[in-house]
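Encoded as structure tokens, the structure appears first; notes follow it.
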Amino acid sequence: MKIQAGRSVLELVEGDIIRQDTEAIVNAANQSLLGGGGVDGAIHRAGGPQILAECRQLGGCPTGEARITTGGNLKARYVIHTVGPVYRDGLHREPELLASCYRESLKLASARGLKSVAFPSISTGAYGYPLADAARIALKTVKAYLQEHPEIERVRFVLFGQAAYAAYEAAMKEL
Ligand code: APR
């Protein structure tokens with residue numbers, strides 16, 4: 001499914017983030033930036049050691065912020081690492097921190113002159129963010145950014161499995 005956001009395209013696909021041919025893909029990292037499971041594990045496995053080598057130089061990343069490294073062996077030239085909030089009860093700034101992950105990642109992409117970015121569904125795996133809430137925050141934040149930033153021509157959400165895709169599709173219809 002896809003919609004127009006300003007002059008940009010905002011699209012949903014079901015698939016694997018490491019296969020994406022966008023200029024950057026976003027990693028659902030942790031504050032150490034030293035790797036993990038899920039998306040983090042897949043990206044480091046597929047991208048190779050140069051990504052971790054660059055991450056080691058960065059000295060970590062606070063929740064809600066983003067850092068950029070090489071894409072290593074991936075099709076994507078860059079990996080933008082962002083650290084989502086661990087979901088507790090939604091009353092500990094989780095929504096603001098999740099929105100910040102998307103905004104800060106896109107700001108890095110704009111700063112590098114990138115035209116296309118692929119996101120996974122940040123925080124909805126190990127970090128336990130409820131999918132429907134996360135999808136609404138993610139799409140609302142990205143759409144608002146794209147309406148002000150036509151330099152980013154395409155943002156793709158890469159959803160792992162039908163349930164995640166359906167949650168984002170429902171949220172996109174509400175936009
Ligand atoms: N491609 C796209 N999406 C994926 C992939 C993949 N290869 N693998 C997992 N996902 C999905 C999950 O199903 C979930 O919907 O990405 C979403 C985020 O899940 P996680 O990777 O667990 O990320 P998150 O919930 O943000 O937790 C981050 O997990 O891997 C560790 O080091 C990471 O500590 C950090 C934490």
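For ligands, and for the atoms within them, numbers begin at 1 and follow the listed sequence. Hydrogens, waters and symmetry mates are skipped; everything else that's a heavy atom, side chains included, is used.
- Contact atoms of ligand 1 toward T124: 14 (C), 15 (O), 17 (C), 25 (O) (distance under 4.0 Å to a heavy atom of the residue).
- Residue contacts with ligand 1 include D16, since one of its heavy atoms falls under 4.0 Å from the ligand.
- At least one side-chain heavy atom of P120 sits under 4.5 Å from a side-chain heavy atom of V26.
- Atoms of ligand 1 lying under 4.0 Å from any heavy atom of A28, numbered from 1 in the order shown and given with element: 23 (O), 26 (O), 28 (C), 33 (C).
- From M172, atom CE reaches atom CD of E11 across 8.5 Å, with rounding to the nearest 0.5 Å.
- Rounding to the nearest 0.5 Å places CG of L12 at 8.0 Å from CD1 of I3.
- Distance CZ/R77 to CD/E23: 5.5 Å, rounded to 0.5 Å.
- Within ligand 1, counting atoms from 1 as listed, the ones closer than 4.0 Å to a heavy atom of S123 are 24 (P), 25 (O), 26 (O).
- With hydrogens left out, the protein atom closest to atom 35 (C) of ligand 1 is Y127 OH, 3.5 Å, a heavy atom.
- Between A29 and ligand 1, a contact under 3.5 Å exists for no N or O pair.
- V79 and L114 are not part of a single hydrophobic cluster, where members link through side-chain heavy atoms under 4.5 Å apart.
- Contact record, S105 with T82: OG-CB, 3.5 Å, taken as the closest heavy-atom pair.
- Between S32, A46, G125, G84, it is G125 that holds the heavy atom closest to atom 25 (O) of ligand 1.
- When only interatomic distances are considered, the shortest N/O to N/O separation between G37 and ligand 1 falls below 3.5 Å.
- Side-chain contact between R112 and I68: present, with at least one pair of heavy atoms (C-beta onward) separated by less than 4.5 Å.
- No side-chain heavy atom of Y87 sits under 4.5 Å from any side-chain heavy atom of P95.
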- Message: Run Y102 and F119 through ring pair (Phe, Tyr, Trp, His ring centres under 6.0 Å) and show every step you take.
- Response: CA-CA 8 Å; Y102 290 99; F119 282 101; 4.9 Å; yes

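- In the vicinity of G36, heavy-atom distances shorter than 4.0 Å reach the ligand 1 atoms 30 (O), 32 (O).
- Nearest to atom 29 (O) of ligand 1 among the protein's heavy atoms is A126 CB, 3.6 Å.
- Near G38, the atoms of ligand 1 lying under 4.0 angstrom from a non-hydrogen atom of the residue are 8 (N), 21 (O), 30 (O).
- Each of the following atoms of ligand 1 lies closer than 4.0 Å to a heavy atom of D40: 30 (O), 32 (O), 33 (C).
- Distances from atom 6 (C) of ligand 1 to the heavy atoms of Y129, F160, F119 put F160 nearest.
- Distances between N or O atoms of I17 and those of ligand 1 include at least one value under 3.5 Å.
- Taking every heavy atom of both residues into account, Y165 and E14 meet most closely at CD1-N, 3.8 Å.
- Here is the list of ligand 1 atoms found below 4.0 Å of a heavy atom in V39: 3 (N), 4 (C), 5 (C), 8 (N), 9 (C), 10 (N), 16 (O), 21 (O).
- For ligand 1, the atoms closer than 4.0 angstrom to any heavy atom of S121 are 17 (C), 18 (C).
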